[in-house]
Amino acid sequence: MTQQLTAAEPLAPASPASLSSPPSGPSLGPSLGTAGLVTVLLGAFLPMLDFFIVNVALPTIDQDLAAGPAVLELVAAGYGIAFAVLLVLGGRLGDIFGRRRLFVAGAAAFAVTSLACGLAPDAWSLVAARAAQGASAALLIPQVLGTITAATHGARRGRALSVYGAVGGISVVIGQVLGGMLVAADLFGSGWRSVFLLNVPFALLALVLALRFVPESRAEQAAEVDVAGTVLLTAALLALLVPLMEGRAAGWPLWSWVLLALFPLLATAFALVERRTERRGGTPLVPPTLLRIPEMRRGLGIALPYFGGFGGFMFVIAVALQQGLRLGPVAAGWALVPMAVGYFTASLSGPRLIGRFGSRVLTAGAAIQAAGLATLAATVLADPDGFSALRMAPGVALAGIGQGLIGTPLFRVVLSKVPAARAGVGSGVLATGQQASLALGVATLGSLYLSLSPTLGMADTLALCLGIQLLGSFTIFYLTTRLPRSIG
């Protein structure tokens, strides 16, 4: 994380201290210094890391706890479901009670729930602890984006959001590598449990640093919690994600189809309730007027295929490498190092390119990501028996470069025009889209791979999943051409 912050420093014409210097002219509210930015980025890094660090540990968890495929999917994506359904509420609570206060509470809860995951005695206890961990992450993440949006201004905000985007992408790939190393190291006989226990000291460190370096911020006019909107949004996301994850393993029973049929009804009801609440002068969970901001609306449209494809890819590739190629957790993790290098390199150059080429950087990123996915699919189909971590390196490296060029500026696109007073809810909406898309990717592509690989084989099923993600890259390519050329 220190490397990523340092990497962002040359983007500013002034020194790194410019991130902490007060803006000239009238006071624009609290100012987030460099130490404060590092602190909130640490708070963002841990929940993002935990979405994927568990992937390479899944076979070991299955062996240790006799979990089975359906429960393993819940371990992987159940965290994301709880994360997604409560994120907007977490942003709203930060607006009301103070973002630093909720950040501290979220960090404490994340430490406790990570400990519960690491000590889980059986598979269903782990699922429950993972859901609680996701809920605590939902308190934490919106405060990071909300604090950055409320306590940085102008070019500093753009730089901080770029660093946040880089941290998000790198943490996902690092999660795969670090997870494999921790499982193989078997520290003190902890095995897979160390991937969760590692969070505890770092979450407590973020808590302590936040009390010292992160300024308090909140909305000028505290709004009441939108109970009806929260319930409907939660119900809609659960109705979509639960059957997609569990339906296949359960044989697609009637309840799974009923829930899927309820999803569009619940989503429509949520939209109507939010519109009516705002029309009456209330404060809806997701204000329709916020979605009328072009950058917010179009950026969220890009986020769905981007994060959905990314989430599905990382789950599928982890399972394919370990169960298909029979690689160990360390080798499976290291196979994605070229992706991490590609993403990190793109993250370093992305902000400079954005200043020169604007939103066309995202368009180029979509094209490069598509090239990487096509290369990887062609590699696995050309010689399935000779497919290896080494041969997949060019494809995953290209995909990583493309993903870095999309993910790093995406947060700037979505939040660039959000007023500081609505920073919490805007951040919550963005983070909900991110986590819901990640969980949706795991649920759809993950279920597809697990369903078809026993009959089609690893190579053909992996190529099919890559082809679906390739269609997502084409969608991103088109949507990025609809963005304003200049990014604030």
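Just so you know, these numbers come straight off a predicted model, no measurement behind them.
- At least one donor-acceptor pair under 3.5 Å links the side chain of Ser194 to the backbone N or O of Gly191.
- With rounding to the nearest 0.5 angstrom, the CZ atom of Phe45 is 11.5 Å from the CD1 atom of Ile141.
- Partners of Ile401 under the side-chain contact (heavy atoms from CB on, under 4.5 Å) rule, at least two apart in sequence or in another chain, are Ala346, Ile368, Leu405.
- Sorted by first and then second residue, the side chain to side chain donor-acceptor pair (under 3.5 Å) pairs involving residues 453-475 (not counting sequence neighbours) are Gln369-Ser473.
- Partners of Phe110 under the ring-ring contact (aromatic ring centres under 6.0 Å, His included) rule, at least two apart in sequence or in another chain, do not exist in this structure.
- Side-chain contact between Phe103 and Val144: present, with at least one pair of heavy atoms (C-beta onward) separated by less than 4.5 Å.
- Of all heavy-atom pairs between Ser136 and Ala109, the closest is CB-CB, 3.5 Å.
- Considering OG1 of Thr481 and CD1 of Ile476, their distance stands at 12.5 Å, rounded to 0.5 Å.
- Remark: the backbone N or O of Arg482 is paired with a side-chain donor or acceptor of Arg298 at under 3.5 angstrom.
- With sequence neighbours left out, the side-chain hydrogen bond (donor to acceptor under 3.5 Å, both in side chains) criterion links Ser388 to no other residue.
- Taking the side chain as every heavy atom from C-beta outward, Cys117 and Leu126 approach each other to under 4.5 Å.
- Side-chain atoms of Leu46 and Leu140, non-hydrogen and from C-beta on, never get closer than 4.5 Å to each other.
- Under the side chain to side chain donor-acceptor pair (under 3.5 Å) criterion, no residue pair touches residues 436-445, with sequence neighbours excluded.
- Taking the side chain as every heavy atom from C-beta outward, Leu376 and Phe387 approach each other to under 4.5 Å.
- Applying side chain to side chain contact (heavy atoms under 4.5 Å, CB included) to Leu466 and the options Leu470, Leu464, Ile468, Leu462 leaves one that passes, Leu462.
- Side chain of Gln143 to main chain of Gly90: a donor-acceptor pair is present (N/O by atom type, distance under 3.5 Å, no hydrogens or angles).
- Within the structure, salt bridge (Lys or Arg N to Asp or Glu O under 4.0 Å) contacts touching residues 194-207 (residues at least two apart or in different chains) do not occur.
- In this structure, CG in Leu440 is found 6.5 Å from CG in Leu304, a value given to the nearest 0.5 Å.
- Side-chain contact between Leu438 and Met314 is absent, with no heavy atoms from C-beta onward closer than 4.5 Å.
- Put simply, the side chain of Ile317 does not reach to within 4.5 Å of the side chain of Val396, judged on heavy atoms.
- Note that CG of Leu452 is 7.5 Å distant from SG of Cys465, once rounded to the nearest 0.5 Å.
- Under the side-chain contact (heavy atoms from CB on, under 4.5 Å) criterion, Leu300 pairs with Leu291, Met296, Val429, Leu430, not counting sequence neighbours.
- Applying the ring-ring contact (aromatic ring centres under 6.0 Å, His included) test to Trp252 and every residue at least two apart in sequence or in another chain returns Trp257.
- For residues 431-482, no residue pair satisfies the ring-ring contact (aromatic ring centres under 6.0 Å, His included) rule, not counting sequence neighbours.
- Rounding to the nearest 0.5 Å gives a distance of 5.0 Å between CG of Leu321 and CE of Met392.
- The closest side-chain heavy-atom distance from Phe307 to Leu410 is below 4.5 Å.
- The side-chain hydrogen bond (donor to acceptor under 3.5 Å, both in side chains) search around Arg130 returns Gln133, not counting sequence neighbours.
- Formation of a donor-acceptor pair under 3.5 Å by the Tyr79 side chain with backbone atoms of Pro47 is found in this model.
- Between Pro253 and Ser256 there is a side-chain heavy-atom pair separated by less than 4.5 Å.
- In this pair, Phe196 and Trp192 present their aromatic rings perpendicular. The plane angle is above 60°, beyond the 30 to 60° band.
- Here Thr60 contributes atom OG1 and Leu182 contributes atom CG; the two are 11.5 Å apart, rounded to the nearest 0.5 Å.
- Applying the side chain to side chain donor-acceptor pair (under 3.5 Å) test to every pair with at least one member in residues 374-385, sequence neighbours left out, gives these pairs: Asp383-Arg391.
- By the side-chain hydrogen bond (donor to acceptor under 3.5 Å, both in side chains) test, Thr39 pairs with no residue at all, sequence neighbours left out.
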